[in-house]
Protein chains: 2
Amino acid sequence: MRLTRSGDYAVRCLLYLALDPGRGVVARKEIAEVMNIPAQYLGKVAQTLAKAGLIGIRQGARGGYELARTAGEISLLQVVEAVDGEIFLNDCLHQLDICERRPVCAVHRVWGRARKQLRDMLGGISLAALVEEESRTAGKVCGECPATRGQTLEGKGE
Amino acid sequence: MRLTRSGDYAVRCLLYLALDPGRGVVARKEIAEVMNIPAQYLGKVAQTLAKAGLIGIRQGARGGYELARTAGEISLLQVVEAVDGEIFLNDCLHQLDICERRPVCAVHRVWGRARKQLRDMLGGISLAALVEEESRTAGKVCGECPATRGQTLEGKGE
DNA sequence: ACATATCGGACACGATTTGTCCTATATCGG
DNA sequence: CCGATATAGGACAAATCGTGTCCGATATGT
């Protein structure tokens, strides 16, 4: 599993929508500009997000996107998996025909455990939590990543 | 991050070598056949593993591969990262130019945490542990996944 | 020397990712 | 109802990546 650019865009887009909940429909163009996403491409991503029930789309003049649920009800996992597909670290866990010994294979059990751990973590984090944490620390939401310049530092994990 | 086929091959190969430690050099051809890996391709993977210091390679007649350390000293993480590169779930954490706000970005912190959790888990599992667990449950090592036909067991799902 | 076996570069091929372009369609405002 | 606006959705393009093969060069054991 790798968070693709599409997945990144999806997170940015939803995070932006989660910023002020009462706002209603937001134009794709605005989201694209602020969040530094190719507008057309965002259209594709948005369609996927809509199919997954994460956003609502209004067409036509004054159209755009809005959250289909509250920011507290949308987890990072849902966003990522909606766009990038279900998370499988290992193809063996995914394509049944690749491996016949799944049930008794220690390696598979390890990957299965790792997968569950990862999905649990991402599933436990809502957009609301992200927005809140962000506002506590920096006052700005990420997703702006490439947009906001000037704060370079060396990052690690944790 | 996704465990590629190369990564899978690497795990199979090392697991096979870990099976009986006293054996010395094992021919690539043998490994490839038993573990169902394209022999030439295994050559490429093996070179990478050698560079990472995980296996030793003997060229020439009666050449082949052997573990460079004991099976207890090689973790799954080392194997995977040697072949597939260091695990980064998110490009943002990886390519510095993509995102300037890493240190203060909540999303990045989440991915960073997830990454650490995953690497810690994989880092805590040695080849020896895998071999041992495997022999306890089924008596055969995985990696043979596609190789061992007719042994398809169901149930016992974790 | 000869047979054996890996090295390592070149190349092929398909899948995936990341976009763009264009036409159709839906919606709002007057 | 008309026209401006904005997204839908299919086609297409380019780049990258993963997987694998082929082949001459090189190293090693007998």
Side-chain angles (χ1 to χ4, degrees), chain A residues 1-13 17 24-33 35-52 55-66 68 80 82-92 94-95 98 146, chain B residues 1-13 17 24-33 35-52 55-66 68 80 82-85 88-92 94-95 98 146:
Chain A
M1 183 274 161
R2 164 185 154 248
L3 183 70
T4 64
R5 211 170 193 81
S6 299
D8 200 35
Y9 290 160
V11 173
R12 287 191 214 176
C13 175
L17 293 178
V25 170
V26 181
R28 180 216 279 168
K29 195 181 165 194
E30 175 185 333
I31 304 173
E33 277 173 5
M35 290 312 203
N36 219 276
I37 307 171
Q40 300 271 0
Y41 196 64
L42 177 55
K44 309 286 187 190
V45 174
Q47 288 172 42
T48 309
L49 292 173
K51 270 179 200 139
I55 66 172
I57 298 182
R58 178 130 95 238
Q59 291 192 49
R62 298 185 52 92
Y65 310 135
E66 66 187 330
V80 168
V83 170
D84 285 342
E86 202 177 333
I87 289 180
F88 286 100
L89 299 176
N90 185 340
D91 284 344
C92 250
H94 187 198
Q95 300 174 18
I98 285 185
Chain B
M1 185 273 162
R2 162 180 157 252
L3 183 70
T4 63
R5 202 166 273 265
S6 299
D8 200 35
Y9 290 159
V11 173
R12 289 190 213 177
C13 175
L17 292 178
V25 170
V26 180
R28 179 216 279 169
K29 195 180 165 194
E30 176 186 332
I31 305 173
E33 276 173 6
M35 291 311 205
N36 217 277
I37 305 172
Q40 301 272 1
Y41 197 63
L42 176 55
K44 309 286 186 188
V45 175
Q47 288 172 41
T48 310
L49 292 173
K51 270 177 201 142
I55 66 172
I57 298 182
R58 178 131 94 238
Q59 291 192 52
R62 298 186 52 92
Y65 311 135
E66 66 188 330
V80 168
V83 170
D84 285 341
F88 286 100
L89 300 176
N90 186 340
D91 284 343
C92 249
H94 188 196
Q95 301 175 16
I98 285 187

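Throughout, protein chains are lettered first and strands after them, A, B, ... in sequence-line order, and every chain is numbered starting at 1.
Contact check for B/N36 versus B/R12: side-chain heavy atoms found under the 4.5 Å cut-off. Looking only at side-chain heavy atoms (C-beta outward), A/V11 and A/V83 stay at 4.5 Å or farther from each other.
The side chain of B/P38 has D/dT21 as its nearest neighbour among C/dG19, D/dT21, D/dA11.
In this structure, B/L42 places its CG atom 14 Å from C1' of D/dT21, rounding to the nearest Å. One interatomic measurement links the two molecules: OH of B/Y41 to P of C/dG14, which rounds to 17 Å at whole-angstrom precision. At whole-Å resolution of the value, NZ in A/K51 and P in D/dT7 are 17 Å apart. Look at CD on B/E30: it is 14 Å from C1' on C/dA5, rounded to the nearest Å. Going from atom CG of B/D8 over to atom C1' of D/dG20 covers 15 Å, rounded to whole Å. C/dG19 atom P lies 16 Å from atom CD of A/Q47, rounded to whole Å. Counting to the nearest Å, the P atom of D/dT7 and the CD1 atom of A/I37 are 13 Å from each other.
Heavy-atom minimum distance, A/Q40 versus A/R28: CA-NH1, 4.3 Å. Nearest approach of B/D84 to B/S6, heavy atoms of both residues: OD1-CB, 4.4 Å. When every heavy atom of B/G43 is checked against every heavy atom of B/Y65, the shortest pair comes out as CA-OH, 3.7 Å. Nearest heavy atom pair, residue A/I37 against residue A/L42, reads CG2-CB, 3.8 Å. Nearest heavy-atom pair across A/A82 and A/L49 is CB-CD2, 4.3 Å.
Taking 4.0 angstrom as the limit, B/S6 places a side-chain polar atom (N or O) nearer than this to OP1 or OP2 of D/dT19. For D/dC22, the OP1/OP2 oxygens have no side-chain nitrogen or oxygen of B/Q40 closer than 4.0 Å. Proximity of B/Y65 to the phosphate of C/dC7: a side-chain N or O atom is located under 4.0 Å from OP1 or OP2. A close approach under 4.0 Å does not occur between any side-chain nitrogen or oxygen of B/Y9 and OP1 or OP2 of D/dT19. Between B/T4 and D/dT19, a side-chain N or O to OP1/OP2 separation shorter than 4.0 Å is present.
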How does protein contact run along nucleotides 1-6 of chain D, one letter per nucleotide 5' to 3', with B for base contact, S for sugar-phosphate only, - for none, heavy atoms under 4.0 Å?
----BB

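Over its length, the helix from C/dA1-D/dT30 to C/dG30-D/dC1 turns its helix axis by 20°, as judged from the five terminal pairs at each end, rounded to 10°.
If you check distances only, the side chain of A/K44 does reach the base of D/dG10 with a donor-acceptor pair under 3.5 Å.
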